[in-house]
Engineer: 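Let me give you the structure first, and then I'll get to my questions.
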Amino acid sequence: MADEPLVLGIETSCDETGVGIVRGTTLLANAVASSVDAHARFGGVVPEIASRAHLEAMVPTIERALKDAGVSARDLDGIAVTAGPGLAGALLVGVSAAKAYAYALGKPLYGVNHLASHICVDQLEHGPLPEPTMALLVSGGHSSLLLAPDITADVRPMGATIDDAAGEAFDKIARVLNLGFPGGPVIDRLAKEGDPAAIAFPRGLTGSRDPAYDFSFSGLKTAVARWVEAKRNAGEDVPVRDVAASFQEAVVDVLTRKAVRACQDQGVDHLMIGGGVAANSRLRALAEERCERVGIRLRVPRPGLCTDNGAMVAALGAEMVARNRPVSDLELSADSSLPVTDPHVPGNSDHDHTHDHTHTHDHLHEISKENLYS
C-alpha cells in the first residue's frame, strides 16, 4: 500500500553488496553484487578484498535497485544499513554510504542488526512475523537459536555455536574434499547422490548433559577430516558423495533437532529458518519433516532471501519506521560484534539527525548529489 514505509536497505557485512527496497512487507527490488569469485582462490573471504569490492559496487548497486523498484531516492521514507555484526572494514563501507545518502537526502537513518534482519526478511515471503518468533539462523559466521517477541526491540539468544558455525564447517569440509569455495552448494549437490547413513559421523553437544540449544561442529569437522585422511593414507578412493551426504546429515540432524526442541520447550508453534545455510535442500526437508511431525509450522524464505542481501535490511528498516522506533544519528558507526540483543542502534542525541552536520563531511566526497538523485 502507498501509505506503508518505503525503505532502502544496505548490507555489506561480508562479501556481498546488497541493496534492497521494500514498501512495508512488499519487496520491490533486491540488487546484489557478489565478490565471492575474488575470494575463491584463497579458500575463504579476504576482508580487504571484500571492502574494496563494496566500494566499487556500492553506487551502481543502489542505482540498480532504485531503477528496479521504479522509485526515486527522494521518495524514500528511510535508509537502513547493517551496523553489525560482520567484517569491520566491510561494514564501514555500507555504514558510510548510508550516512551519506541519509544526509544528502534528508532521510531518517536506521543502523540495524544483521541477525535480526535475517529473521525479518521472512515477512517479505510469508507476511508479518508471529510474536514471538523462534528463529534458527545458520550461515558461514553464525549458528544461532533466537526467540524474538519483538523483532525491532526484543531478540533473545537461546543458543549458539561454541566453535565453528555450520556454514564454516561446510566450507572446511569442501576444502578437505578438494571441492572449492564456497562449500555449501557443492556439498548439497553431491550429497543428493550419496548415502547419508554410509558413515557414522558424530553429532556434537547432543548428550543428556550437554547444553540443550548450543551447537558445536568442530568435532564433526575433525572427524570427517581424519576419516578422509585415513582413506587416502591407505591408498583407497574417498567416496566423496557418501562423505558429503553423511557430513551434511550430521549437521542438519543437530540443527533441526535442537530447533524443534526449543519450539516445544518455549511453547512456540512455528519455526523460522534463515541465513545462507537455510538454502540447503536437506536442511529444509528434514526441518519440514520434523516440524510436521509435532505440529510446528515451518517458515523458510526462498534461497535468494536466505543469503546476505539488502532486502532483509530494508525489511527490518521498514518495521522500525512502522513502529516508530528511534532513528540512528550520523555518529552511527560499525560494530563488528554487535550483539543480537540490539536489533538496531538508536542515536544518542535528541535533535533531528538529518540537520546535524557533525562528522559527516568525510563520508560525502565519494557520492555526488547527481548520483543520489538519479
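These figures come from a predicted structure and were not determined experimentally.
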Engineer: Answer yes or no: are there more than 12 heavy-atom neighbours, outside Arg226 itself, under 6.0 Å from its atom CZ?
Structural biologist: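 Atom CZ in Arg226 is not packed in, count stays at 12 or less.
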
Engineer: Looking only at side-chain N and O atoms, does His54 offer a donor or acceptor that is under 3.5 Å from a partner on Asp15?
Structural biologist: no

Engineer: Between Ile79 and Val7, is any pair of side-chain heavy atoms under 4.5 Å apart?
Structural biologist: no

Engineer: Should Asn280 and Gln248 be marked as a side-chain hydrogen bond (donor to acceptor under 3.5 Å, both in side chains) after you check the CA-CA gap, both sets of side-chain angles, and the distance that decides it?
Structural biologist: CA-CA 9 Å; Asn280 181 274; Gln248 178 176 268; 2.8 Å; yes

Engineer: If we only count heavy atoms from C-beta on, is the Pro301 to Met272 side-chain gap below 4.5 Å?
Structural biologist: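 Sidechains of Met272 and Pro301: in contact.
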
Engineer: What donor-acceptor contacts under 3.5 angstrom involve side-chain atoms of residues 261-269, with partners at least two apart or in another chain?
Structural biologist:
unit_1	atom_1	unit_2	atom_2	d
Arg261	NH1	Ala212	O	3.2
Asp265	OD2	Tyr213	OH	2.6

Engineer: Taking atom types as modelled, is there a side-chain donor on Asp188 or Ser281 under 3.5 Å from an acceptor on the other?
Structural biologist: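 Yes, side-chain donor-acceptor contact under 3.5 Å.
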
Engineer: Assess whether atom CD of Glu193 is packed by more than 12 heavy atoms of other residues, nucleotides or ligands within 6.0 Å.
Structural biologist: yes

Engineer: Walk me through it: do Phe42 and Phe181 pass the test ring-ring contact (aromatic ring centres under 6.0 Å, His included)?
Structural biologist: CA-CA 9 Å; Phe42 300 101; Phe181 173 85; over 10 Å; no

Engineer: Taking Ala165's backbone N and O only, do any of them form a donor-acceptor pair with Ser143's side chain (distance below 3.5 Å, no angle check)?
Structural biologist: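 Not confirmed, Ser143 side chain does not pair with Ala165 backbone.
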
Engineer: Is a donor on one side and an acceptor on the other found under 3.5 Å between the side chain of Arg209 and the backbone of Gly207?
Structural biologist: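 Absent.
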
Engineer: Pairing donors with acceptors under 3.5 angstrom, does anything connect the side chains of Glu11 and His114?
Structural biologist: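 Yes, side-chain donor-acceptor contact under 3.5 Å.
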
Engineer: Please check if any side-chain donor atom of Asp163 sits under 3.5 Å from a side-chain acceptor atom of Ser216, or the reverse.
Structural biologist: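 Side chains of Asp163 and Ser216: pair found under 3.5 Å.
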
